[in-house]
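Heavy atoms only: backbone and side chains are in, while hydrogens, waters and symmetry mates are out.
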Amino acid sequence: MFNLLRMDLRRLFKSRSFYTVLGVTTVLILMVTSMAAVISAPETLDEMGASGAEIDEIDRRISEEIRKMNQLDLAHETLGGGFLLVMVGIGVTLFVNGDFSSGFVKNICCAQPRRASYVLSKALIGGVYSGIVTLLGGVLILLAPYLYGMRPVPSAIPDILRYLFWLWPPHWAFALMALSLVLLTRSTTLGIILSLVAGSGLTSILVGTVGKVLRWPPVERYLLASVVNSIYVPQSGIAQVWVVLACTIAWAVLYGAGSLLAMEKRDI
């Protein structure tokens, strides 16, 4: 299994899709930060108002709120909406499906008949992938504001590290969701679509809406997109660590079992 993991790591760091995902993540975070810098500048709003744009009190209040954000507030506003979940899901989908689209999985299964080893190796790769994307996103959102002249209030380094640490597990579990979908459907397109829907929080919104109509308990708060969104609360810092851990473990076990079952039942 360790030989398989080493091979997967080499393939990951030589994969074009891996660096494409990192590049897209970088560009999008820089774009979001640039927009925040424009909105937060009072002189920009004045210029827009002078040119005929409608600038009301709400716009000025949002601008002031952005200026008052500390580094963690700004990071969570950018990363807590599920943006990195989507990137992790798409990246793992492309990487794992490459084995099937190229036929390379047949060689792997001949050399390593135990399919559980294949799933475990890919699950660990999902952890590496999600960890790198999470770290990249965190570093970029902390440094990018200074490129655009923003000066967010500094947050304590231990708080930043704790936030990034607890941001990683649910992203790893989401990577396992992408893995299970690829092994079950063998479809890149479907995996990317479901990563977009689930990672952006649309699934949570749908489940919450249906739950209110049917008077269910608020189960949507335990979906991974909701967990990521609830990790940081500006007033109290990192909140409900046990919920984050419990949800991550539960979904990881579910998706891991689904991956094993899909790999065992399908012909290669």
Side-chain angles (χ1 to χ4, degrees), residues 1-22 25 84-136 164-196 198-199 223-224 227-228 244-268:
M1 198 279 289
F2 291 105
N3 291 332
L4 186 58
L5 178 59
R6 283 197 295 268
M7 179 189 69
D8 278 337
L9 284 171
R10 286 197 296 270
R11 288 182 55 240
L12 176 65
F13 292 117
K14 291 182 179 180
S15 170
R16 183 181 300 175
S17 65
F18 174 63
Y19 294 103
T20 300
V21 168
L22 297 185
T25 301
L84 294 184
L85 287 175
V86 173
M87 301 311 299
V88 167
I90 292 175
V92 171
T93 296
L94 294 174
F95 178 74
V96 176
N97 196 67
D99 288 350
F100 295 93
S101 60
S102 65
F104 186 60
V105 68
K106 295 181 179 180
N107 297 331
I108 296 176
C109 290
C110 286
Q112 182 60 260
R114 292 184 60 201
R115 296 186 180 183
S117 297
Y118 177 86
V119 173
L120 181 57
S121 176
K122 289 297 187 290
L124 293 175
I125 288 296
V128 173
Y129 207 124
S130 58
I132 292 174
V133 171
T134 302
L135 181 61
L136 175 66
L164 293 178
F165 175 80
W166 286 111
L167 202 61
W168 175 38
H171 284 79
W172 189 352
F174 198 85
L176 297 182
M177 183 203 76
L179 170 62
S180 65
L181 289 174
V182 171
L183 297 182
L184 181 63
T185 66
R186 311 287 169 85
S187 171
T188 302
T189 302
L190 186 58
I192 291 175
I193 291 174
L194 291 176
S195 294
L196 286 167
L223 300 181
L224 290 172
V227 170
V228 168
V244 175
L245 192 58
C247 290
T248 297
I249 292 174
W251 287 112
V253 170
L254 178 63
Y255 291 135
S259 298
L260 285 171
L261 185 61
M263 194 66 181
E264 293 291 344
K265 295 297 182 181
R266 297 288 294 274
D267 293 331
I268 301 300

Shortest non-hydrogen contact from Gly89 toward Ala178 = O-CB, 3.6 Å
key: Close side-chain approach of Val86 and Phe174, heavy atoms under 4.5 Å   = no
message = Tell me the closest heavy-atom pair linking Val88 and Ala175, and the distance in Å.
response = CG1-CB, 3.7 Å
query = How many angstroms lie between CD1 in Ile90 and CD1 in Ile193, if you round to the nearest 0.5 Å?
reply = 10.5 Å
ask   = Within a strict 4.5 Å, meaning less than it, do heavy atoms of the Leu94 and Ile192 side chains meet?
value = yes
ask   = Which residue pairs pass the salt bridge (charged side-chain N to carboxylate O under 4.0 Å, His left out) test with at least one member in residues 166-177, sequence neighbours excluded?
value = none
Side-chain touch Pro170/Val244, heavy atoms, less than 4.5 angstrom = yes
request  = Enter the distance from Asn97:CG to Ser187:OG here, rounded to the nearest 0.5 Å.
outcome  = 7.0 Å
task = Show the numbers, then the answer: is there a side chain to side chain contact (heavy atoms under 4.5 Å, CB included) between Trp168 and Leu164?
result = CA-CA 6 Å; Trp168 175 38; Leu164 293 178; over 6 Å; no
request  = Before giving the answer on side chain to side chain contact (heavy atoms under 4.5 Å, CB included), spell out for Arg11 and Ile125 the whole-Å C-alpha distance, their side-chain angles and the decisive distance to 0.1 Å.
outcome  = CA-CA 10 Å; Arg11 288 182 55 240; Ile125 288 296; over 6 Å; no
query = Between Val92 and Leu179, what is the shortest heavy-atom contact and its length?
reply = CG1-N, 4.2 Å
message = side chain to side chain contact (heavy atoms under 4.5 Å, CB included), that's the test. Do Phe18 and Phe95 meet it? Break it down for me.
response = CA-CA 8 Å; Phe18 174 63; Phe95 178 74; over 6 Å; no
task = Nearest 0.5 Å please: distance from the CH2 atom of Trp166 over to the OG1 atom of Thr134.
result = 14.0 Å
query = Does any non-hydrogen side-chain atom of Thr93 lie less than 4.5 Å from one of Ser195?
reply = yes
key: Spatial distance of atom CG (Leu136) from atom CE (Met87) [nearest 0.5 Å]   = 10.0 Å
query = Taking the side chain from Ser121 and the backbone from Tyr118, do they hold a donor-acceptor pair closer than 3.5 Å?
reply = no
note = When rounded to the nearest 0.5 Å, the distance separating CG of Leu224 from OG1 of Thr248 is 6.5 Å
request  = Nearest 0.5 Å please: distance from the OG atom of Ser117 over to the CE atom of Met263.
outcome  = 10.5 Å
ask   = Can you pull the side-chain hydrogen bond (donor to acceptor under 3.5 Å, both in side chains) pairs that have at least one residue in residues 170-184, sequence neighbours excluded?
value = none
request  = Output all residues satisfying ring-ring contact (aromatic ring centres under 6.0 Å, His included) with Phe165, sequence neighbours left out; order by chain, then residue number.
outcome  = none
Validation row: Leu4, Asp8 side chains within 4.5 angstrom (heavy atoms) = yes
inquiry  = Please determine whether side-chain hydrogen bond (donor to acceptor under 3.5 Å, both in side chains) holds for the pair Ser17 and Ser15, giving the CA-CA distance in whole Å, both sets of side-chain angles, and the decisive distance to 0.1 Å.
reply    = CA-CA 5 Å; Ser17 65; Ser15 170; 2.9 Å; yes
ask   = Distance-only, no hydrogens or angles: does the Tyr255 side chain make a donor-acceptor pair with backbone N or O of Ala250 under 3.5 Å?
value = no
query = Between Leu181 and Leu190, does a side chain to side chain contact (heavy atoms under 4.5 Å, CB included) hold up when you go through it step by step?
reply = CA-CA 8 Å; Leu181 289 174; Leu190 186 58; over 6 Å; no
query = Any side-chain heavy atom of Val227 within less than 4.5 Å of one from Trp251?
reply = no
